[in-house]
Each structure stands twice: as structure tokens, then as C-alpha cells.
Amino acid sequence: MGPESDGRASLADIVGRVAAGSRTAGELSYAVIREGIITGLLAPGEHLRQEDLAERIGVSRIPVRTALMQLESEGLVSFHPHRGAVVRTLTVEQVREIYRLRELVEVHALRASIARMTSARAARLRELGELLDGPHERGTLHEQRTAFYRELYDAEDNPFAIGIIEDLRNVVNRYLVGRHVAHGLRYHRELARLAARGDVDGAERTLRGYLDEYRRRVIEALADGDGT
């Protein structure tokens, strides 16, 4: 299924958007490849050819190589002796571990955020939940999802927690792109409603249920061979 049909941007779209800011060749290469991976455009197991990426991004091979090494340290890229760089794949046990960690950190962040909920944040959260569960234009889903969770977890007052949460989510969500799983459950409106009205226990139950379901579906994706 192509980018036009599942809301994903093409690599050219990503380059165009990222290059609009003032960046060095290294920063541009890193930002483009990273977004390509976490949005699923560069699929798990895909061979990352440095020459091809350099040409498509419009830089030399050196900043691409540096970017790939940085992404390796973040767990998104692996280097193999005979294949070079590939988008990292996960084992079932690694997926289970990631979701155990996500549950710990996200439940903590959710409860702390609801305790400090303001009327302005509640209104914004409801708005973002409606937007995220509605139809999407091409290339907007990742940006809208990021905005929703940063508001849900009060990123301004929880910068370290949201950094951990986003890193963990990025590692696994790429297995769901193109399967209409990450968007298909449409639970964001309900989670926003519960959090906005201060229902801590209800919001936590909804969040735990969502994490359980997504863990199951990521493992299904691995079993189907989508990550190989």
C-alpha cells in the first residue's frame, strides 16, 4: 500500500519539510532518515544504502554515514558485516519488554498529568483527540499523534518522561504503519475525554487496554513477517 493511501509522506516530502529549517548536512540526514524509520517509510529489515540515501536527501555519503551511526546508538539501525546498515528489527521478547516499560512510564506520566490538568489543557486535549481519530491528510498522522501524547502527558512539565515515551513508541510503532492498526482503534477521543474530566482510574484502564492491544498486534506483525 503506497504512501498516498495510508497517510504516509514520501522521502521527498520529508526532505522538503525538514530542509525548510536551517540545518547542516548531518542534521538534515539524521532528521530525514530518522523520520523515515519511525513513520515506517523505511521498513524494518530494509537495507539502507548510503549512496541511494545521499542522492535522495541531496547530501554526500559522509553525513549519511554519520547519521546512520547515530541512529544505531538509538536502536533504530543495525550494522551487519555483509549487508551494511539495515532498519533494525525486533524480537517478540524485545517487544514485550518495550511494552512493559511503556506501561510503567506512561501510566506514571498520565496520572501526574491529570493531577495538574487545567481547563485550557483539557480543551486542547479533547480537540487533539477528535483530530487524531478523524480522517488524515497525507503525512500528518505522526505529527498529530505526537502532539496528542505531548499534551496528554504534559510534556512541558515532564520533558524527561515524554522523551523516554517517544523513544519507546518510535521503536515499535513502525511495525504498525500501513496495517491501519496504529490509527484503527480510534481510542484517543475517549482517552482525552476521561483525562480532561479528571477520571484518573478510567483513563488508566483505557491506556492499559490500548497498550495491551497494540503489543498483541505488533507481535502479530512480527509473526506475519512484516519486520523481516
Residue pair Leu128 / Ala147: nearest heavy atoms and the distance that separates them
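That would be CD1-O, 3.6 Å.
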Might you point out which heavy atoms bring Leu152 and Ala195 nearest each other, and give the distance in Å?
CD1-CB, 3.9 Å
Rounded at 0.5 Å granularity, tell me how far [atom1] in [X] sits from [atom2] in [Y].
X: Asp154; Y: Arg116; atom1: CG; atom2: CZ; answer: 5.0 Å
X: Glu106; Y: Ile165; atom1: CD; atom2: CD1; answer: 5.0 Å
X: Thr89; Y: Glu46; atom1: OG1; atom2: CD; answer: 13.0 Å
X: Leu132; Y: Arg145; atom1: CG; atom2: CZ; answer: 6.5 Å

Sequence neighbours excluded, every pair satisfying side-chain hydrogen bond (donor to acceptor under 3.5 Å, both in side chains) that has a member inside residues 120-132:
Ser113-Arg121, Arg121-Glu151, Arg124-Glu127, Glu130-Arg189
Applying side-chain hydrogen bond (donor to acceptor under 3.5 Å, both in side chains), which residue pairs with at least one partner in residues 63-77 are found, sequence neighbours left out?
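Qualifying pairs: Tyr30-Glu74.
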By side chain to side chain contact (heavy atoms under 4.5 Å, CB included) - contacts of [X] (at least two apart):
X: Ala85; result: Leu48, Leu68, Val77, Phe79
X: Arg56; result: Leu11, Asp52
X: Val107; result: Glu103, Arg111, Glu204, Leu207, Arg208

Flag, side chain of Asp13 to backbone of Ser10, donor-acceptor distance under 3.5 Å
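Yes; judged by distance alone, with no hydrogens or angles, the pair exists.
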Check: Glu166 side chain, Gly163 main-chain N or O, donor-acceptor pair, under 3.5 Å
no
Is any side-chain heavy atom of [X] closer than 4.5 Å to a side-chain heavy atom of [Y]?
X: Leu125; Y: Met117; result: yes
X: Arg49; Y: His47; result: yes
X: Val172; Y: Tyr99; result: yes
X: Arg215; Y: Ile98; result: no
X: Leu222; Y: Val95; result: yes
X: Ile33; Y: Ile57; result: yes
X: Tyr153; Y: Asn158; result: no
X: Glu35; Y: Val18; result: yes

[Y] reachable from [X] in the ILVMFWY side-chain graph, under 4.5 Å edges:
X: Leu194; Y: Ile114; result: no
X: Ile37; Y: Val15; result: yes
X: Val92; Y: Leu211; result: yes
X: Leu53; Y: Val86; result: no
X: Leu104; Y: Leu168; result: no

Under the salt bridge (Lys or Arg N to Asp or Glu O under 4.0 Å) test, which residues partner [X], sequence neighbours left out?
X: Arg169; value: none
X: Glu190; value: Arg193
X: Glu156; value: none

Non-neighbouring partners of [X] that pass side chain to side chain donor-acceptor pair (under 3.5 Å), sequence neighbours left out:
X: Arg100; answer: Glu93
X: Asn170; answer: none
X: Asp157; answer: none

Mind telling me whether Tyr149 and Tyr210 have parallel, tilted or perpendicular rings, with 30° and 60° as the class edges?
parallel
Quick test of your reading of the model: are Glu213 and Arg216 salt-bridged, counting only N-O distances below 4.0 Å?
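Answer for the salt bridge query: yes.
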